[in-house]
Asks: 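Dropping the structure in here first, questions after.
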Amino acid sequence: LKLFNTLSKKTEEIKPIKNDSVSLYTCGPTVYHYMHIGNLRKAIFDDLLKRVLSAEGLRVKHVMNITDVGHLASDADEGEDKLEKEARIEKKSVWEIAEYYTEHALADYASVNVLEADKIIKATDCINKEIDFIKKLEEKGYAYKGDLAVYFDSTKLKDYGKLTGQNLADKNVAVREDIVIDKSKKNPIDFALWIFTKAKHKNHAMRWQSPWGEGFPGWHLECSSIIYDQFGDTIDVHTGGVDHIGTHHTNEIAQSEALTGKPLANIWMHTEFLLVDGHKMAKSLGNTYRIVDVEARGFDRLAYRLLVLQSHYRSQQNFTWQALKDAQALLKNLQAAADIRFQPSGSSEHDFKAAQDTILAALTNDLNTPEALASINRVFDQVADEGVSKKDSKVFAGFIIWLDDLLGLELSLSKDITSEQKRLIKQREDARENKDWDSSDKLRDELTGQGIEINDTPAGSIWRRS
Ligand code: AMP
Ligand code: ZN
């Protein structure tokens, strides 16, 4: 299994630290709003990665955080805490906001068949561990107390910023231009580990005592301390969105590597954005859709999952309703072809094993989903055109289950039609044989009324759900 590593900028073979199991950490949602389908795109690719790792015979231990404190309006140290702001707008407590949107985020992930993480950890549930993490950094001379926060001294780390490839001087300038700095901050690139409930944060509702003063943890710290607590020094794979590279992951690496002296993650993976009309789908731009909006327009939630899989995770994807309509039509075709397992006919042979190999070869090549889907379409088109023999229908059914484990498209969940419906199809075939077109048409109408379409093929009548 080869994956593109943002850190080395190369596609690398994954070499798990423990032979047969993979430690995976994915940065989870900030729970101050509903997940939009752009957020889901990232979750779907995290999920695909897990499924491909499992298909390769590896056990996956997946940990995800829930950011319910400390994520400020900018990804760096500026602005209001996103949850505190939303609580003010909605006139609810910040705890209510966190609980409400966490529940919705997890339900939305599940709705597009994203498998739940083995552990989901809220930032607010590990405050003591975060404080211990800062203490250790302080002992090692990487943390210092300023007026408004405890900061990480980024200049103490030789390779700060290595994930971006940006040099320190550039980053310093970039920060200096758009941020009002705490005068006690030693370097503009230093970032907050613990933010005091003072000045602009004096009314911050979530607050805890710490050795440095009352306050709340910075966003980056939660991921570093959860990883340290759950896995130790180094994990196999860490994922996020491309927006995490410059600040959030850069600072996670800084904190963790300062503390352990070891790499935080061997492979760093980043999913590109979902766009709308060329702009990132983002709440702040007011161009977001939720999965419930997709369903309200009559689309299947899994048509969206399929749409996501049609692009590569490292490419931006432009969302249009037309593209979703095409994905919906494709999903219908795949479902119809899958239903052919219930109606074997003829003697056509298919090499499903070879198809599996081709699909897996594409996916293990840095999750090349467009190529995998091209292979899948080829197999399903062939089945739709030629049918499957009785002998092959069981193998085909097994192939579909295998595919569902891999892609989560639920093609194996459809049920056979009823024996009464089968009887109607048989009656219609008999009527046609007797050239009794009247009866044949009536029977077709009756089946159509039950959501069953009939196609007359050389191999006999094939049904599909309308
Ligand atoms: P947030 O809840 O804002 O922290 O975002 C959760 C995840 O969704 C992060 O990993 C972001 O990188 C990702 N994300 C946000 N917007 C988009 C988008 N338009 N397309 C893809 N991923 C996104
Ligand atoms: Zn993170």
Side-chain angles (χ1 to χ4, degrees), residues 6 24-47 49 63-75 79 81-83 85-86 97-98 101-102 104-106 108-109 112 114 117 120-123 126 130 133 163 191 217-231 235 237-256 264-265 268-291 304 307-308 311-319:
T6 309
L24 171 69
Y25 183 83
T26 62
C27 289
T30 304
V31 285
Y32 72 109
H33 63 76
Y34 294 114
M35 292 287 99
H36 57 67
I37 56 176
N39 301 133
L40 293 185
R41 179 177 199 236
K42 188 253 173 195
I44 290 169
F45 279 117
D46 287 344
D47 181 62
L49 171 66
V63 176
M64 181 180 84
N65 66 313
I66 299 278
T67 300
D68 54 0
V69 67
H71 193 166
L72 305 186
S74 82
D75 280 357
D81 186 308
K82 292 186 180 194
L83 272 91
K85 183 173 173 194
E86 190 62 24
I97 293 292
Y101 288 111
T102 300
H104 278 278
L106 298 181
D108 283 359
Y109 288 163
V112 287
V114 166
I120 298 175
I121 302 177
K122 293 178 190 170
C126 40
E130 296 183 48
F133 201 100
L163 195 60
F191 58 90
W219 171 36
H220 324 302
L221 182 67
E222 70 187 65
C223 293
S224 285
S225 88
I226 291 173
I227 293 171
Y228 186 62
D229 180 54
Q230 291 291 317
F231 296 110
I235 55 172
V237 187
H238 192 314
T239 77
V242 284
D243 52 334
H244 288 155
I245 300 171
T247 303
H248 182 53
H249 287 171
T250 288
N251 292 346
E252 274 188 40
I253 290 176
Q255 299 161 147
S256 295
L264 171 56
W268 286 87
M269 292 177 71
H270 293 98
T271 297
E272 258 294 353
F273 287 140
L274 184 72
L275 310 181
V276 189
D277 300 328
H279 297 286
K280 178 190 171 188
M281 181 175 282
K283 198 186 173 213
S284 55
L285 298 176
N287 62 359
T288 59
Y289 299 110
R290 294 173 53 201
I291 198 70
Y304 179 66
L307 177 69
V308 166
S311 65
H312 190 256
Y313 78 96
R314 285 199 287 123
S315 306
Q316 295 183 333
Q317 180 172 31
N318 198 39
F319 176 79

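Order of appearance sets the numbers: ligands from 1, and atoms from 1 within every ligand.
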Asks: How close does the nearest protein non-hydrogen atom get to atom 4 (O) of ligand 1, and which residue and atom is it?
Replies: T30 OG1, 3.1 Å
Asks: For atom 22 (N) of ligand 1, state which one of G38, P29, A43 supplies the nearest heavy atom.
Replies: G38
Asks: Consider every N or O of K82 and every N or O of ligand 1, then say whether any pair is closer than 3.5 Å.
Replies: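 K82 vs ligand 1: no N/O contact under 3.5 Å.
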Asks: Any idea which heavy atoms bring Y109 and P29 closest together, and the distance?
Replies: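 Minimum heavy-atom contact is OH-CD, 3.3 Å.
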Asks: Taking NZ in K82 as the centre, count heavy atoms belonging to other residues, nucleotides or ligands within less than 6.0 Å. Is the count above 12?
Replies: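 Buried by this count: over 12 neighbours within 6.0 Å.
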Asks: One pair to check against side chain to side chain contact (heavy atoms under 4.5 Å, CB included): F319 and H36. What are the steps and the verdict?
Replies: CA-CA 12 Å; F319 176 79; H36 57 67; over 6 Å; no
Asks: With T239 as reference, evaluate T6, D46, T271 under the side chain to side chain donor-acceptor pair (under 3.5 Å) test and give the passing residue.
Replies: D46
Asks: Does the side chain of N65 come under 3.5 Å of the side chain of Y25 through a donor N or O and an acceptor N or O?
Replies: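 Their side chains do contain a donor-acceptor pair, which is all the 3.5 Å distance test asks for.
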Asks: Quick one: nearest non-hydrogen protein atom to atom 20 (N) of ligand 1, plus distance?
Replies: L274 N, 2.7 Å
Asks: With a 4.5 Å cut-off on side-chain heavy atoms, are C27 and E252 touching?
Replies: yes
Asks: Determine the minimum heavy-atom distance between C126 and I121, stating which atoms define it.
Replies: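 Closest approach of C126 to I121: SG-CG2, 4.0 Å.
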Asks: Pick from L49, I235, V63: which one makes a side chain to side chain contact (heavy atoms under 4.5 Å, CB included) with L24?
Replies: L49
Asks: For ligand 1, is there an N or O atom under 3.5 Å from any N or O atom of Y32?
Replies: no
Asks: Should the proximity of H36 to ligand 1, defined as any heavy atom under 4.0 Å, be assigned to the side chain, the backbone, both, or neither?
Replies: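 The answer is the side chain of H36.
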Asks: Can a non-hydrogen atom of T271 be found less than 4.0 Å from any atom of ligand 1?
Replies: no
Asks: Only to 10 degrees, please: what angle do the NE2 atom of H248 and the SG atom of C223 make about the Zn ion (ligand 2)?
Replies: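 The SG/NE2 angle about the Zn ion (ligand 2) sits at 110°.
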Asks: With side chain to side chain contact (heavy atoms under 4.5 Å, CB included) as the criterion, how do Y313 and K42 come out once you've worked through the C-alpha distance, each side chain's angles and the decisive distance to 0.1 Å?
Replies: CA-CA 8 Å; Y313 78 96; K42 188 253 173 195; over 6 Å; no
Asks: For E272, take its heavy atoms, then give the atoms of ligand 1 lying under 4.0 Å from any of them.
Replies: 21 (C)
Asks: Based purely on interatomic distance, does M281 place a nitrogen or oxygen under 3.5 Å from a nitrogen or oxygen of ligand 1?
Replies: yes
Asks: Consider every N or O of D243 and every N or O of ligand 1, then say whether any pair is closer than 3.5 Å.
Replies: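 Yes, since at least one N or O of D243 sits under 3.5 Å from an N or O of ligand 1.
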Asks: Do you see an N/O/S atom of H249, backbone or side chain, under 2.8 Å from the Zn ion (ligand 2)?
Replies: no
Asks: Is the backbone N or O of M281 less than 3.5 Å from a side-chain atom of T288, with the two atoms forming a donor-acceptor pair by type?
Replies: no
Asks: May I ask you to check if any N/O/S atom from H220 comes under 2.8 Å of the Zn ion (ligand 2)?
Replies: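 No N, O or S atom of H220 is closer than 2.8 Å to the Zn ion (ligand 2), so no.
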Asks: Look at atom 7 (C) of ligand 1 and say which protein heavy atom is nearest, naming residue and atom and giving the distance to 0.1 Å.
Replies: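 Minimum-distance protein heavy atom for atom 7 (C) of ligand 1 reads N39 ND2, 3.9 Å.
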Asks: Provide the number and element of each atom of ligand 1 under 4.0 Å from a heavy atom of H244.
Replies: 9 (C), 10 (O)
Asks: Looking only at N/O atoms, are G28 and ligand 1 under 3.5 Å apart anywhere?
Replies: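 Between G28 and ligand 1 (N or O atoms, distance only) the closest approach is not under 3.5 Å.
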Asks: Mind reading off the angle at the Zn ion (ligand 2) between the OE2 atom of E252 and the SG atom of C27, rounded to 10°?
Replies: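 OE2 of E252 and SG of C27 make an angle of 100° at the Zn ion (ligand 2), to the nearest 10°.
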Asks: So which of R314, H249, H244 actually passes side chain to side chain donor-acceptor pair (under 3.5 Å) with H270?
Replies: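 Only one of R314, H249, H244 forms a side chain to side chain donor-acceptor pair (under 3.5 Å) with H270, namely H249.
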